[in-house]
Amino acid sequence: VLNFVYWPISWVLRFWHEVVGVVVPKTSGLSWVLAIVLLTCTVRIFLVRPMVNQMRSMRKMQEVQPKMQAIREKYKNDQAKMAEEMRKVQKEMGVNPLASCIVPIVQMPIFLGLFHVLRSFNRTAGPNQPGLSIEENRNIANYAFPVEDVRSFLDATVFGVPLSAYMSMPEQAFAAFTGVDLTRTHIIAVCLPMVLISAAFVHFNARISINRQKERRASGKVAAPVGEQAQMMEAQMGMMNGMLLWIMPIMIVATGFMWHVGLLVYMLSNNIWTFFQTRIVYDKMDKEEAIEEAQKREAKRASAPQVAARKVDKRSKKQRKQGK
């Protein structure tokens, strides 16, 4: 089943490597790094609309929280009715609770597929590898990549470290990289900063979203939780925010020993993309919200009854009766 992920990823990566090879020597580490970055951009371009929809849906979810809280309080003893009324409100407001799942669901197999394809360039040693000899490894294709590309990838380096090297790599696998005087210290010196920077961007990306939630609540655009159930959900959201802020970055650092250089390039470029895309989309949403509020105020003023100036009749009572 996973071959349906491995093969497309390898073909897309090979395509970009061929394109970059027109400008940069195909055998260089830079050509492979740029190919991985462009693969990342390809994936993220297709995910722009789902990502924007997810962010808009999250904003609407915050706006309908008062209605949701009222429904929870009203139907707290009837779970079926509560769910039905919540679905009605979500449909009216155009809120899709599943929107937040699309992006991670798509990205996860791509991440795992790229991890497998890149690591499979070196099949001499390591977990789930067939243990090929150095000669066999350099003369067997890797999915969409022909033998010459396998050799090119194995010989390509970033700051002197091969792209398929990782911090916990078995020392017997070092021999697959010909012409490179490789040490574990050298690998760590290149990989560890990339792991730390990637984890930092995960933290920053979560911080942007959490700070925005706080700002919207402080400005009154999002109502404070009312009722026991709403407060419980707020506490759960706080725990989720804590995981995004700290647990996820810590997990990246803790598992960083197994990510090879090529995959770290993907992770880093992916997190940097998320950072700038989030800021751009939030800025656009804020401008749209300001325009909507201005239009609502204008519509309210236009629909308000006009208070006409009262005309004072200065004629005397007698003249008014006479019609003068």
Side-chain angles (χ1 to χ4, degrees), residues 2-22 24-40 110-195 198 255-269:
L2 289 175
N3 282 331
F4 287 105
V5 177
Y6 301 153
W7 280 97
I9 288 175
S10 64
W11 276 112
V12 174
L13 183 59
R14 183 183 174 186
F15 167 78
W16 283 120
H17 185 238
E18 295 291 336
V19 172
V20 172
V22 176
V24 180
K26 285 182 62 177
T27 56
S28 67
L30 180 60
S31 69
W32 286 101
V33 167
L34 291 176
I36 295 170
V37 171
L38 288 169
L39 167 67
T40 308
I110 292 173
F111 175 85
L112 294 175
L114 185 62
F115 172 77
H116 176 78
V117 170
L118 293 182
R119 180 166 283 193
S120 294
F121 278 103
N122 184 359
R123 294 151 289 186
T124 58
N128 302 317
Q129 297 293 11
L132 302 179
S133 68
I134 297 172
E135 190 65 24
E136 287 174 331
N137 186 62
R138 294 181 69 87
N139 287 281
I140 297 178
N142 180 30
Y143 293 98
F145 295 99
V147 170
E148 55 268 26
D149 282 346
V150 171
R151 295 172 182 172
S152 170
F153 189 89
L154 289 170
D155 295 337
T157 61
V158 175
F159 301 112
V161 174
L163 285 165
S164 57
Y166 53 100
M167 289 187 278
S168 61
M169 173 181 281
E171 290 189 8
Q172 57 267 36
F174 290 9
F177 310 117
T178 59
V180 180
D181 185 14
L182 192 62
T183 65
R184 194 172 305 281
T185 301
H186 193 181
I187 297 174
I188 293 173
V190 172
C191 290
L192 185 57
M194 296 176 72
V195 170
S198 185
T255 58
F257 65 91
M258 61 187 292
W259 309 130
H260 47 70
V261 176
L263 192 66
L264 288 172
V265 171
Y266 170 81
M267 292 172 65
L268 194 54
S269 54

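What you see is a predicted model, and the numbers here were worked out from it, not measured in a lab. In this chain, residues are counted from 1 in sequence order.
- Residues Asn142 and Ser120 share a closest heavy-atom pair of OD1-CB, 3.3 Å.
- Of all the heavy atoms in Val117 and Ser10, the pair that sits closest is CG1-CB, 4.1 Å.
- Considering all non-hydrogen atoms of both residues, Pro162 and Val261 come closest at O-CG2, 3.6 Å.
- Note on residues 169-184: no pairs pass salt bridge (charged side-chain N to carboxylate O under 4.0 Å, His left out), not counting sequence neighbours.
- No donor-acceptor pair closer than 3.5 Å links the side chain of Ser198 to the backbone N or O of Met194.
- From Ile9, atom CD1 reaches atom CG of Leu13 across 9.0 Å, with rounding to the nearest 0.5 Å.
- Contact of the Asp149 side chain with the Glu18 side chain is registered, since non-hydrogen atoms from C-beta on lie closer than 4.5 Å.
- Under the 3.5 Å distance criterion, the side-chain polar atoms of His186 are left unmatched by any main-chain donor or acceptor of Val161.
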Output, in order, the C-alpha distance, side-chain angles, deciding distance and verdict of side-chain contact (heavy atoms from CB on, under 4.5 Å) for Asn139 and Arg151.
-> CA-CA 8 Å; Asn139 287 281; Arg151 295 172 182 172; 2.4 Å; yes
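- Closest approach of Arg123 to Ala141, counting heavy atoms only: NH1-O, 3.0 Å.
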Can you list the steps and then say if Tyr266 with Trp259 is a ring-ring contact (aromatic ring centres under 6.0 Å, His included)?
-> CA-CA 10 Å; Tyr266 170 81; Trp259 309 130; over 10 Å; no
Run the side-chain contact (heavy atoms from CB on, under 4.5 Å) check on Trp32 and Val158 step by step: do they pass?
-> CA-CA 10 Å; Trp32 286 101; Val158 175; over 6 Å; no
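- Classification of the Tyr143-Trp7 ring pair by plane angle, with boundaries at 30° and 60°, yields perpendicular.
- Between atom CH2 of residue Trp11 and atom CH2 of residue Trp16 there is a gap of 16.0 Å, rounded to the nearest 0.5 Å.
- Residue Met258 comes nearest to Phe115 through the heavy atom pair O-CE1, 3.7 Å, listed as atom of the first residue, atom of the second, then distance.
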After noting the C-alpha distance and the side-chain angles of Thr27 and Ser152, does the key distance pass the side-chain contact (heavy atoms from CB on, under 4.5 Å) rule?
-> CA-CA 5 Å; Thr27 56; Ser152 170; 4.2 Å; yes
Criterion side-chain contact (heavy atoms from CB on, under 4.5 Å) on Cys191 and Leu264, from CA distance to verdict | CA-CA 8 Å; Cys191 290; Leu264 288 172; 3.9 Å; yes
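- A 4.5 Å side-chain heavy-atom check between Leu112 and Val5 finds every atom pair outside the cut-off.
- Geometrically, Arg119 engages Tyr166 in a cation-pi contact, judged by NZ or CZ lying under 6.0 Å from the ring centre and within 45° of the ring axis.
- The line from CG of Leu163 to CG of Asn122 is 12.0 Å long, rounded to the nearest 0.5 Å.
- Distance check, rounded to the nearest 0.5 Å: OG1 of Thr124 to CE of Met169 gives 7.5 Å.
- With rounding to the nearest 0.5 Å, the separation of OG1 in Thr40 from CG in Leu268 is 9.5 Å.
- Note: Phe121 CZ to Asn137 CG = 10.0 Å, rounded to the nearest 0.5 Å.
- In this structure, Leu38 and Val20 approach most closely via the heavy-atom pair CD1-CG2, 3.6 Å.
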